[in-house]
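All remarks here apply to the structure that follows.
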Number of protein chains: 2
Amino acid sequence: MPKDTFFNLPKEKQERIIEAAIDEFATHPYHLARVTVIAEQAGIAVGSFYQYFADKKDLFKYLMGLLVEKKLSYINSDMVKNQDKYDFFQLLREVYLSGIRFAKDNPRLLPIGLMLANDKALYREIFGEYEDQSAAFFQHLLEYGQAQGAIDPAIDPKITGKMLTGMLYSLTDFIVEDGKFDPDDMAIIDRMLYFIENGLKKR
Amino acid sequence: MPKDTFFNLPKEKQERIIEAAIDEFATHPYHLARVTVIAEQAGIAVGSFYQYFADKKDLFKYLMGLLVEKKLSYINSDMVKNQDKYDFFQLLREVYLSGIRFAKDNPRLLPIGLMLANDKALYREIFGEYEDQSAAFFQHLLEYGQAQGAIDPAIDPKITGKMLTGMLYSLTDFIVEDGKFDPDDMAIIDRMLYFIENGLKKR
DNA sequence: CATGAATATGAATTCATATTCATATGAAAC
DNA sequence: GTTTCATATGAATATGAATTCATATTCATG
């Protein structure tokens with residue numbers, strides 16, 4: 001958690017620091033990201049940085065918190081609250097689309113999450129022993145779908161949850177990388193969802 | 001490329017160095033992997049390391065070459081040579097299964113590839129401007145499948161190629177991580193392939 | 001054996017960064 | 001206007017590698 005001094009700062013200054021941090025962490029793996037550069041970019045002295053944060057990790061953790069919060073804000077909250085009103089494929093679709101909306105609006109944030117996902121030691125330091133959250137989420141969704149009778153009962157929820165996560169990562173990555181892809185044209189994405197749906201559906 | 005001195009070394013010593021390097025790179029992201037530790041582990045002096053390799057990257061590139069070579073060796077070579085004898089789903093299945101066999105036999109190598117895949121700057125240094133090889137491979141496979149009439153023509157080969165790659169990564173990762181999973185029992189994997197097949201098939 | 005070229009060695013150097021700290025600044029309180 | 005406290009600063013320090021280099025050792029060859 002950042003120190004009080006950080007939260008006492010004018011919002012504008014806080015934001016400058018956060019923006020600078022995003023820039024640096026988005027373009028460098030955690031261990032290569034430089035506090036010096038963040039401070040300079042934000043227009044503060046290096047010493048000040050340490051008035052605000054205990055250390056580099058402190059800032060990074062805080063940043064990840066913001067990121068998770070922001071990402072969650074993209075999921076239609078009604079769907080979260082009243083999951084049972086929706087069928088499995090509606091929910092799956094919403095998760096994918098929210099992930100894609102998030103990626104579209106926040107392309108700079110994606111690499112940060114990706115890099116973290118691949119540095120397991122770091123991941124553990126930040127999130128503790130939690131398993132991969134999104135894989136677990138998909139897993140539950142699949143179990144729910146099987147209970148509903150919508151999903152082929154022969155599907156293994158755990159491994160399939162992992163795969164749905166991997167696919168979502170690939171998809172968002174693709175959308176961000178391939179700049180020419182127009183995310184407002186959801187046709188291709190719908191086709192991918194259709195592909196998944198066909199694969200999972202009970203027949 | 002390592003220097004001649006390296007290749008002049010007795011095979012046994014070469015192997016000790018390679019093994020030590022695998023250990024270090026498998027457990028640390030590239031930039032945190034320490035030459036010192038590799039040398040110590042291999043039982044050579046740090047100075048010797050620089051008699052064999054220009055620098056850390058030189059060793060890493062070489063290692064990646066070995067890794068790619070090894071991975072390719074797992075693909076049934078007849079299937080590569082006579083691709084047209086096989087239908088799309090047979091080929092896809094072979095690619096997945098070979099990936100899984102490789103993962104099963106070489107669990108230590110996987111994290112190295114994964115880490116590289118996620119450090120795009122490094123990836124480019126190692127492989128140049130090549131696109132992601134496996135995504136491209138899947139893409140061609142899909143185009144072939146569409147030409148054959150086996151694959152839904154509405155599927156976008158590029159994005160789907162990316163997703164198949166992501167899924168294969170997730171799958172191998174799962175298999176290695178979750179130690180209790182018995183890879184000889186291919187039932188679950190078959191079900192995943194069945195899932196993919198159902199999703200892609202032209203109806 | 002003697003010789004020199006190739007190889008081995010690890011201490012010394014360099015370099016890039018995180019972090020600390022003594023000091024300066026400024027604003028509120030009296 | 002002085003005191004006090006919080007905040008700001010960037011030069012100094014600490015750290016942790018990568019890489020170099022002067023020296024020692026090995027080994028093939030005459």
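To find a chain, count down the sequence lines: A is the first, B the second, and so on, and within it residues start at 1.
- The stretch residues 21-38 of chain A touches DNA chain C through A/Ala33, A/Arg34, A/Val35, A/Thr36, each having a heavy atom under 4.0 angstrom from the strand.
- Sorted by first and then second residue, the side-chain hydrogen bond (donor to acceptor under 3.5 Å, both in side chains) pairs involving residues 6-22 of chain A (not counting sequence neighbours) are A/Glu12-A/Arg16, A/Glu19-A/Arg108.
- Using a 4.0 Å heavy-atom cutoff across all strands shown, A/Lys13 reaches sugar-phosphate atoms only and no base atom.
- Residue contacts for A/Ser48: at a heavy-atom cut-off of 4.0 Å it reaches a base atom on one of the strands shown.
- Residues in residues 36-59 of chain B take part in these side-chain hydrogen bond (donor to acceptor under 3.5 Å, both in side chains) pairs, two or more places apart or across chains: B/Lys57-B/Glu125.
- Taking A/Ser134 as the reference, A/Asp132, A/Thr165, A/Tyr169 meet the side chain to side chain contact (heavy atoms under 4.5 Å, CB included) condition, with sequence neighbours excluded.
- B/Tyr52 comes within 4.0 angstrom of sugar-phosphate atoms only, judged by non-hydrogen atoms across all strands, and of no base.
- A nucleotide of DNA chain D counts as in contact with chain B when one of its atoms lies under 4.0 Å from a heavy atom; the first and last such, 5' to 3', are D/dA17 to D/dT20.
- Legend: residues meeting salt bridge (charged side-chain N to carboxylate O under 4.0 Å, His left out) with A/Asp190, ordered by chain and number and at least two apart, are A/Arg93.
- Distance alone, capped at 3.5 Å, places no donor-acceptor pair between the B/Gln90 side chain and the B/Met79 backbone.
- Side-chain atoms of A/Tyr74 and A/Asp105 include a donor-acceptor pair closer than 3.5 Å.
- In this structure a side-chain-to-backbone donor-acceptor pair under 3.5 Å is missing from B/Asn82 to B/Lys85.
- A donor-acceptor pair under 3.5 Å is absent between the side-chain atoms of B/Glu24 and the main chain of B/Ala33, judged by distance alone.
- No contact: B/Phe6 has no heavy atom under 4.0 Å from any strand.
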